[in-house]
Amino acid sequence: MTVTAAAAGTWQLGDLTVNRLGFGAMRLTGGAVFGRGAPGDRDRSIGVLRRAVELGVNHIDTAAFYFSPLRSANELINRALSPYPDDLVIATKVGPGRDPSGAWLPWATPGQLRGQVEENLRQLGRDHLDLVNLRAYPTDSIAEHFGALAELRDAGLIRQLGISSVRPVHLAQAQAIAPVVCVQNRYGIGTHSGGADDFLRDCGEQGIAFVPYFAIAGEGREAGAGGSEHDEVLAIALAHGATPAQVRLAWTLQQGPHVLAIPGTGNPDHLAENVAAGALRLSPGEMDRLQSLHHQAT
Ligand SMILES: NC(=O)c1ccc[n+]([C@@H]2O[C@H](COP(=O)([O-])OP(=O)(O)OC[C@H]3O[C@@H](n4cnc5c(N)ncnc54)[C@H](OP(=O)(O)O)[C@@H]3O)[C@@H](O)[C@H]2O)c1
């Protein structure tokens, strides 16, 4: 029987219900997401998105700045999935921006965030965005920027707000302005930056979703999840007839019911494996072994 994204259970992002096993669109545009290089195969990427939704994925993470010279993640999502299913939650993020050549622009000012929201609306072909994450600024305070997004939410352009690549101090700043439904931060086996474990737990205690990125890629493998894998992950995968990527996803999902997964792939076989990981349950002993690896790994 085919496992669907519902196997991982659901979570509420404010008034939006999502299956905990979602999808990240960053890898859809080809080998050179942020640079130059061969574009991804359009039909394959569209097929991956449609299959994801068939498999029950209803939480897709994207950004207007996810583009390669000939492919845009938002445009692929629009082409593949509109008219959008009622239960689909498309999460995007603003703050960073790139000019048409792909070069990074300075961080958006609070006044420029509206233009970034509108860019996402145009590309996705929607009149409102389900969920917008403010991606962290190299500043101590995100209050002014988050306040600008809260105004756009009040104006009906955005339904829910989140923050990304942030520290606990940023969460407190944002919550003083408007409800925060998710924190999207880097996290996986071996990720410790910024007190990641404590922050994940704090989010759970406050009923806020924690959405890890690089959960499969892990530390030091961000360019792609190929390369060497830890023996412990391999052994546990073998015991379940699973893949190492599935074990990494299951480990993150078992960190708490508020942890959502957004694995990124342009490969239809990897998509099916990632969705099936939502049904993989690691035993307490296996979790302990991976927990030790997590604390040892750098
Ligand atoms: N907020 C932020 O700052 C931020 C930063 C980075 C990413 N993100 C979001 O988070 C999502 C996840 O991050 P990510 O895509 O970079 O990392 P990821 O999901 O941890 O790993 C993706 C890498 O793993 C490979 N992969 C995926 N499934 C696999 C499987 N079953 N078996 C083997 N390899 C597999 C992919 O290659 P293939 O394509 O070959 O499968 C790709 O190289 C992104 O898509 C994006 O939406 C957010």
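Note: hydrogens, waters and symmetry copies are ignored here, and every other heavy atom, side chains too, is used. This one's a predicted model, so the numbers in the text were calculated from it and none came from an experiment. Counting starts at 1 for both ligands and their atoms, in listed order.
The shortest N or O to N or O distance between Pro263 and ligand 1 is not below 3.5 Å. Taking distance alone, with nitrogen or oxygen atoms compared against 3.5 Å, Lys93 stays at or beyond that limit from ligand 1. Any N or O atom pair closer than 3.5 Å counts here, and Ala215 shares at least one such pair with ligand 1. The shortest N or O to N or O distance between Thr62 and ligand 1 is not under 3.5 Å.
Using a cutoff of 4.0 Å between basic side-chain nitrogens and carboxylate oxygens, Arg167 and Asp140 are scored as salt-bridged. Remark: Arg114 engages Glu118 in a salt bridge, criterion side-chain N to carboxylate O under 4.0 Å. A salt bridge links Arg51 with Glu54; the closest basic N to acidic carboxylate O contact falls under 4.0 Å.
In Asn274, the part holding a heavy atom less than 4.0 Å from any atom of ligand 1 is the side chain. Neither the backbone nor the side chain of Ala63 has any atom closer than 4.0 Å to an atom of ligand 1 (non-hydrogen atoms only). Here Ser164 has side-chain heavy atoms under 4.0 Å from ligand 1, and that is the only part of it that gets that close.
The heavy atom nearest to atom 12 (C) of ligand 1, out of those in Ile262, Asp269, Asn267, is found in Ile262. Which of Asn185, Asp61, Ile60 comes nearest to atom 47 (O) of ligand 1 through a heavy atom is settled by distance: it is Asp61. Nearest residue to atom 4 (C) of ligand 1 from Phe214, Phe23, Tyr213 is Tyr213 (criterion: closest heavy atom). Of the candidates His270, Glu273, Gln246, Arg27, the one placing a heavy atom closest to atom 35 (C) of ligand 1 is His270.
Under 3.5 Å, the side chains of Arg135 and Ser164 contain no donor-acceptor pair of N or O atoms. In this model, a donor atom of one side chain and an acceptor atom of the other lie less than 3.5 Å apart for Asp15 and Gln160. A donor-acceptor pair shorter than 3.5 Å can be found between the side chains of Glu286 and His240.
Close approach of ligand 1 to Gly266 (heavy-atom distance below 4.0 Å) involves ligand atoms 39 (O). Against a heavy-atom cut-off of under 4.0 Å, Ala217 is close to the following atoms of ligand 1: 18 (P), 20 (O), 21 (O). Below 4.0 Å from some heavy atom of Ala245 lie the following atoms of ligand 1, by number and element: 30 (C), 31 (N), 32 (N). When each atom of ligand 1 is checked for a heavy atom of Ser165 under 4.0 Å away, the hits are 3 (O). Those atoms of ligand 1 that come under 4.0 Å of a heavy atom in Ala25, given as number and element, are 45 (O), 47 (O).
Partner Arg159 forms a side chain to side chain contact (heavy atoms under 4.5 Å, CB included) with one of Leu131, Val89, Leu16 and no other, that one being Leu16.
Between Thr243 and ligand 1 there is no heavy-atom distance shorter than 4.0 Å. The closest approach between any non-hydrogen atom of Tyr66 and ligand 1 is below 4.0 Å.
Taking the six-membered ring for Trp and the full ring otherwise, His59 and Trp11 have centroids separated by 6.0 Å or more.
A donor-acceptor pair is defined here as one N or O able to donate and one able to accept, closer than 3.5 Å; such a pair exists between the side chain of Asn185 and the backbone of Ser165.
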Please step through side chain to side chain contact (heavy atoms under 4.5 Å, CB included) for the pair Val211 and Asn133, ending with a clear verdict.
CA-CA 11 Å; Val211 187; Asn133 285 301; over 6 Å; no
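With a 4.5 Å cut-off on side-chain heavy atoms, Asn120 and Asn74 count as touching.
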